[in-house]
Trainee: 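Sharing a structure, written as structure tokens. Questions coming.
Both counts, for ligands and for their atoms, begin at 1 and track the order of listing.
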Amino acid sequence: MEILDPSLQTYVETHTDPEPEALKKINRNTHLKVLKPNMLSGHYQGRLLSMLSKMMQPKLIIEIGTYTGYSAICLAEGLVDGGVLHTIEVNEEMEELINSHLKLTNVDKKIHAHFGPAERVIADSNWQNIDIVFIDADKKNNFTYFELLIDKVKSGGLLIIDNVLWKGKVYDEHQNDADTQAFRKLNEQIAVDTRVEKLILPVRDGLLLIRKK
Ligand SMILES: C[S@@+](CC[C@H](N)C(=O)[O-])C[C@H]1O[C@@H](n2cnc3c(N)ncnc32)[C@H](O)[C@@H]1O
């Protein structure tokens, strides 16, 4: 999943704030109990999400793809008093584990977990003036989620899409599997979208930062 050189990754992690204790436990528990634990944002990306959120001082955050709650907790660290993070997870079997992880933190009361397919949960919501969106679920629907939410994001709001460098495959012309092609198309669609400013960060598997004008 890491595209950075491992020694560079180690260096930046050791000179970044340490992973908070509760998140360390959640990280470890995810590796013990859940399949594909490398889906979790992890220490370095988690601290970046937390810092971006603190800089934005959000009232309303929407996350698509809760998994075990790690990135939701990182993003919720930046919520202002009275702020809320809504996170959506399609797999209802994760509910107990997510709740047990949220309880380890002091942001649990600010996080509302929804279970079901994101498209349906978004359609049933009345979210408006969203400050931050984090899209990290079924990769083929990234652009659908972007289009469903862009009009609900306030001017100056931030959308973040994970995995956009797709293990480095998007810039390797020999790689042409369906997921790689989907990420290339997404990056191209966002690159020419005049409603937004965009920047790809080569962090972990690639984070696309999109600021609504
Ligand atoms: C990469 S993991 C999310 C990791 C998490 N954001 C983190 O950084 O710790 C993707 C999650 O999206 C969920 N997911 C997949 N399709 C979905 C859908 N249509 N609606 C909501 N969640 C979905 C998966 O079940 C999985 O738990």
Trainee: Quick test of your reading of the structure: of P117, P37, S41, whose heavy atom lies closest to atom 9 (O) of ligand 1?
Mentor: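 It is S41 that holds the nearest heavy atom.
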Trainee: Can you name the atoms of ligand 1, numbered from 1 with element, that are less than 4.0 Å from a heavy atom of D136?
Mentor: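 Listed by number with element: 1 (C), 2 (S), 3 (C), 4 (C), 5 (C), 6 (N), 7 (C), 8 (O), 10 (C), 11 (C), 12 (O).
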Trainee: For atom 20 (N) of ligand 1, what is the closest protein heavy atom, and at what distance to 0.1 Å?
Mentor: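 I find the closest protein heavy atom is A118 N, 3.0 Å.
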Trainee: Could E77 and R47 be called an ion pair, given the rule that one side-chain N must be under 4.0 Å from one carboxylate O?
Mentor: yes
Trainee: Below 4.0 angstrom from a heavy atom of Y70, which ligand 1 atoms are there? Numbered from 1 as shown, please.
Mentor: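 Ligand 1 atoms under the 4.0 Å threshold to Y70: 9 (O).
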Trainee: Any N or O on F134 sitting closer than 3.5 Å to an N or O of ligand 1?
Mentor: no
Trainee: Verify side-chain hydrogen bond (donor to acceptor under 3.5 Å, both in side chains) between E63 and T87, making sure each step is shown before the conclusion.
Mentor: CA-CA 4 Å; E63 176 184 68; T87 181; 2.6 Å; yes
Trainee: Indicate, as side chain, backbone, both or neither, the part of T66 found under 4.0 angstrom from ligand 1 when only non-hydrogen atoms are considered.
Mentor: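 The backbone, only.
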Trainee: Is any NZ, NE, NH1 or NH2 atom of the basic residue among R204 and D162 found under 4.0 Å from an Asp or Glu carboxylate oxygen of the other?
Mentor: yes
Trainee: What residue and heavy atom of the protein are closest to atom 22 (N) of ligand 1, and at what distance?
Mentor: V90 N, 3.2 Å
Trainee: Distance to 0.1 Å, residue and atom name: give those for the protein heavy atom nearest to atom 19 (N) of ligand 1.
Mentor: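 In this structure, atom 19 (N) of ligand 1 has Y145 OH, 3.2 Å as its nearest protein heavy atom.
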Trainee: Within the supplied structure, the quantity of interest is the number of heavy atoms (other residues, nucleotides, ligands) at a distance under 6.0 Å from K36 NZ; does it exceed 12?
Mentor: no
Trainee: Indicate, with yes or no, if the rings of H112 and W127 have centres closer together than 6.0 Å.
Mentor: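 Not under 6.0 Å, so no.
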Trainee: Given side-chain hydrogen bond (donor to acceptor under 3.5 Å, both in side chains), test E19 with N27 step by step and report yes or no.
Mentor: CA-CA 10 Å; E19 190 174 32; N27 199 338; 3.0 Å; yes
Trainee: Using a 3.5 Å distance criterion without hydrogens, assess whether the side chain of D177 forms a donor-acceptor pair with backbone atoms of T180.
Mentor: yes
Trainee: Do any N or O atoms from the side chain of N142 and from the backbone of K139 form a donor-acceptor pair under 3.5 angstrom?
Mentor: yes
Trainee: N/O of E89 under 3.5 Å from N/O of ligand 1, yes or no?
Mentor: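 Between E89 and ligand 1 (N or O atoms, distance only) the closest approach is under 3.5 Å.
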Trainee: Show me which atoms of ligand 1 lie under 4.0 Å from any heavy atom of I88.
Mentor: 21 (C), 22 (N)
Trainee: Decide whether an N or O pair under 3.5 Å exists between S71 and ligand 1.
Mentor: yes
Trainee: Would you kindly specify which portion of F115 sits under 4.0 Å from ligand 1, judged on non-hydrogen atoms: side chain, backbone, both or neither?
Mentor: neither
